[in-house]
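All remarks here apply to the structure that follows.
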Amino acid sequence: MIDSGSTDETLNIVKRHNVELYEIRPEEFTYSYALNLGFGHSKGKFVCALSAHAIPISENWLSVLLNNFEDNKVAGVTSKEVPWKRANLYEKYRLESAFNNERKVFTNNKEKDLIFSNAASCIRKSVWQRFPFEEALYAEDYYWAKKVLNKGYKIVYEPEAVVNHSHNDSPRIQAHRYLKSYFTHRIYNEKGTGF
């Protein structure tokens, strides 16, 4: 488990279980850095990313994700995200628009409706070892998916694997996220699809 400065009971709970804990200072935290660190210490053929505020609500969440890896070309599988009840209207609209009930298999990085979120995903570790997340990048999950698609792999959106996950950001934070996404997209397009 990777922790970046929890102030609740998280660390006490973790220490009561047989879990390896890796702590990073809050000022060092980026999603891509934390994911690369955690994936690097993981064991096994597949690694899951599950955000602290993403809670699986489908009973067989993990097995549904893993079943998709029977196809050796699948690099990553992402879950359906359902907003928490307290989510604001914008967040509910955003998630309901992006995460529908249709399973999708993406095979090239030009597809406009590409869905891949590390809020609740599973990744083939051997692919991640070849292509770790870009640590200077915002939306590392989306651009990782585009990169592996460019290398001939597949990405799967699996709506049968469902998690509660949403943000309740202020308009200012939403605007900040939008601007970071915009500038990352510009950098990505200037450098080309392979970084």
Side-chain angles (χ1 to χ4, degrees), residues 31-32 35 39 46-124 127-128 131 133-134 137-171 173-186 188-189 193:
Y31 293 109
S32 49
L35 288 163
F39 284 17
F46 307 103
V47 286
C48 284
L50 188 62
S51 179
H53 59 281
I55 306 296
I57 56 176
S58 54
E59 190 174 305
N60 52 352
W61 173 76
L62 185 56
S63 62
V64 169
L65 289 177
L66 289 171
N67 287 340
N68 287 280
F69 290 101
E70 291 176 11
D71 180 343
N72 289 328
K73 296 303 281 182
V74 171
V77 185
T78 197
S79 305
K80 177 179 180 173
E81 298 179 25
V82 175
W84 290 97
K85 289 181 182 177
R86 65 183 179 276
N88 62 44
L89 289 176
Y90 168 79
E91 184 73 347
K92 287 180 180 178
Y93 172 78
R94 184 184 73 81
L95 291 173
E96 288 165 3
S97 298
F99 297 95
N100 60 35
N101 291 323
E102 179 186 347
R103 183 178 182 272
K104 295 179 184 174
V105 179
F106 300 97
T107 57
N108 77 68
N109 68 4
K110 305 288 189 228
E111 297 184 60
K112 292 184 179 180
D113 60 345
L114 174 63
I115 302 168
F116 192 75
S117 170
N118 277 333
S121 66
C122 195
I123 290 174
R124 190 180 300 275
V127 177
W128 169 83
F131 309 108
F133 298 110
E134 295 284 338
L137 213 54
Y138 181 75
E140 84 297 326
D141 41 11
Y142 177 78
Y143 291 102
W144 179 85
K146 288 183 80 66
K147 178 186 278 190
V148 299
L149 286 169
N150 195 44
K151 301 296 182 182
Y153 291 98
K154 299 175 184 177
I155 293 292
V156 177
Y157 166 61
E158 180 53 78
E160 295 297 315
V162 187
V163 297
N164 268 130
H165 175 257
S166 58
H167 300 272
N168 220 7
D169 297 333
S170 67
I173 292 174
Q174 288 172 14
H176 184 68
R177 281 178 185 256
Y178 174 81
L179 287 173
K180 286 199 298 190
S181 292
Y182 171 78
F183 287 115
T184 299
H185 187 68
R186 282 192 56 188
Y188 181 86
N189 286 331
T193 57

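Since we're looking at a predicted model, the values are computed, not measured.
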Pick from Asp141, Ile115, Val163: which one makes a side-chain contact (heavy atoms from CB on, under 4.5 Å) with Thr78?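 The passing option is Ile115.
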Distance (rounded to the nearest 0.5 Å) between [X] [atom1] and [Y] [atom2]:
{"X": "Asn67", "Y": "Glu160", "atom1": "CG", "atom2": "CD", "answer": "11.0 Å"}
{"X": "Ile123", "Y": "Leu35", "atom1": "CD1", "atom2": "CG", "answer": "7.5 Å"}
{"X": "Cys48", "Y": "Leu65", "atom1": "SG", "atom2": "CG", "answer": "6.0 Å"}

Parallel, tilted or perpendicular, as decided by the 30° and 60° cut-offs, for the rings of Phe131 and Tyr153: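 Tyr153 and Phe131: perpendicular rings.
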Once side-chain hydrogen bond (donor to acceptor under 3.5 Å, both in side chains) is applied, do any residues pair with Asp71, and if so which ones, sequence neighbours excluded?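 If we apply the side-chain hydrogen bond (donor to acceptor under 3.5 Å, both in side chains) test to Asp71, skipping adjacent residues, the hits are Lys154.
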Qualifying residues under side-chain hydrogen bond (donor to acceptor under 3.5 Å, both in side chains), relative to Asn72, sequence neighbours excluded: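 Testing Asn72 for side-chain hydrogen bond (donor to acceptor under 3.5 Å, both in side chains), a comparison that skips the adjacent residues, returns none.
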Excluding sequence neighbours, so at least two apart, what forms salt bridge (charged side-chain N to carboxylate O under 4.0 Å, His left out) with Arg94? Glu91
Go through the structure and list residues passing salt bridge (charged side-chain N to carboxylate O under 4.0 Å, His left out) with Lys73, not counting sequence neighbours. none
Going by ring-ring contact (aromatic ring centres under 6.0 Å, His included), name the pairs with one or both residues in residues 46-86, residues two or more places apart or in two chains. Phe46-Phe69, His53-His165, His53-His167
At their closest point, which heavy atom of [X] faces which heavy atom of [Y], and how far apart are they?
{"X": "Ile155", "Y": "Leu114", "value": "CG2-CD1, 4.3 Å"}
{"X": "Ala145", "Y": "Phe116", "value": "CB-CB, 3.7 Å"}
{"X": "Pro159", "Y": "Tyr157", "value": "CD-O, 3.3 Å"}
{"X": "Pro83", "Y": "Glu96", "value": "CG-OE2, 4.1 Å"}
{"X": "Ala119", "Y": "Ala54", "value": "O-CB, 3.4 Å"}

Intermediate values then yes/no, side-chain contact (heavy atoms from CB on, under 4.5 Å), Arg103 and Asn68: CA-CA 11 Å; Arg103 183 178 182 272; Asn68 287 280; 2.5 Å; yes
Do [X] and [Y] come within less than 4.5 Å of each other through their side chains, counting heavy atoms only?
{"X": "Glu134", "Y": "Ser32", "answer": "no"}
{"X": "Leu50", "Y": "Pro56", "answer": "yes"}
{"X": "Tyr31", "Y": "Asn118", "answer": "no"}
{"X": "Trp128", "Y": "Val148", "answer": "no"}
{"X": "Val105", "Y": "Val156", "answer": "yes"}

Sub-3.5 Å donor-acceptor pair from the side chain of Asn150 to the main-chain atoms of Lys146, do we have one? no
Could you check whether Phe39 and Phe133 have their ring centres less than 6.0 Å apart? yes
Check whether the side chains of Lys85 and Asn164 place a donor and an acceptor atom closer than 3.5 Å, and report yes or no. no
Using the side-chain contact (heavy atoms from CB on, under 4.5 Å) criterion, which residues pair with Glu102? Sequence neighbours excluded.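 If we apply the side-chain contact (heavy atoms from CB on, under 4.5 Å) test to Glu102, skipping adjacent residues, the hits are Asn100, Lys104.
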